[in-house]
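In what follows, a structure is listed as structure tokens, so that the remarks can point back to it.
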Amino acid sequence: MTTYTYKNITYQIVIKDEWDKNTQREEQILKDFKHCEQTHDYLTIKNRITNGIKWGWLIKIKNPH
């Protein structure tokens with residue numbers, strides 16, 4: 001399971017349409033998020049989270065607390 005945490009909210013990255021490359025694509029998306037953090041591109045992070053949830057490749061994980 002590939003996850004990304006932003007502002008204390010954890011999201012699961014779920015790619016199901018790239019067959020044997022699903023895990024590789026999930027890891028690339030995580031790298032993209034990390035790159036945006038390093039370059040302080042928070043608008044892109046916000047947009048990708050919004051679109052990822054909308055299109056189903058990003059799922060907000062409820063806090064266990």
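Below, each value reflects all heavy atoms present in this structure, side chains not excepted, and no hydrogens, waters or symmetry copies. Along the sequence shown, residues carry numbers from 1.
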OG1 on T2 to NZ on K31, rounded to 0.5 Å: 11.0 Å
Taking atom types as modelled, find out whether Y4 and E37 have a side-chain donor-acceptor pair closer than 3.5 angstrom. yes
Nearest 0.5 Å, what's the CG-CD distance between D32 and E27? 12.0 Å
If two hydrophobic side chains count as joined below 4.5 Å and joins carry through other members, does W55 share a cluster with I59? no
If you measure only the distance, is there a donor-acceptor pair under 3.5 Å linking the side chains of E26 and N22? no
With no hydrogens and no angle check, do the side chains of T3 and T10 hold a donor and an acceptor under 3.5 Å apart? no
Spacing of T39 atom OG1 and K34 atom NZ [to the nearest 0.5 Å]: 13.0 Å
Which pair of heavy atoms, one from D41 and one from T44, lies closest together, and at what distance? OD2-OG1, 2.7 Å
Test side chain to side chain contact (heavy atoms under 4.5 Å, CB included) applied to I49 and F33, step by step: CA-CA 9 Å; I49 288 173; F33 275 126; 4.0 Å; yes
Evaluate side chain to side chain contact (heavy atoms under 4.5 Å, CB included) for R48 paired with L58, printing each intermediate quantity in order. CA-CA 9 Å; R48 288 189 181 177; L58 201 61; over 6 Å; no
If you round to the nearest 0.5 Å, how far is NZ of K46 from CG of N51? 11.5 Å
Is there side-chain contact between V14 and W57, with at least one heavy-atom pair below 4.5 Å? no
Please test Y11 against T5 for side chain to side chain contact (heavy atoms under 4.5 Å, CB included), starting from the C-alpha separation and ending with a verdict. CA-CA 6 Å; Y11 302 90; T5 302; over 6 Å; no
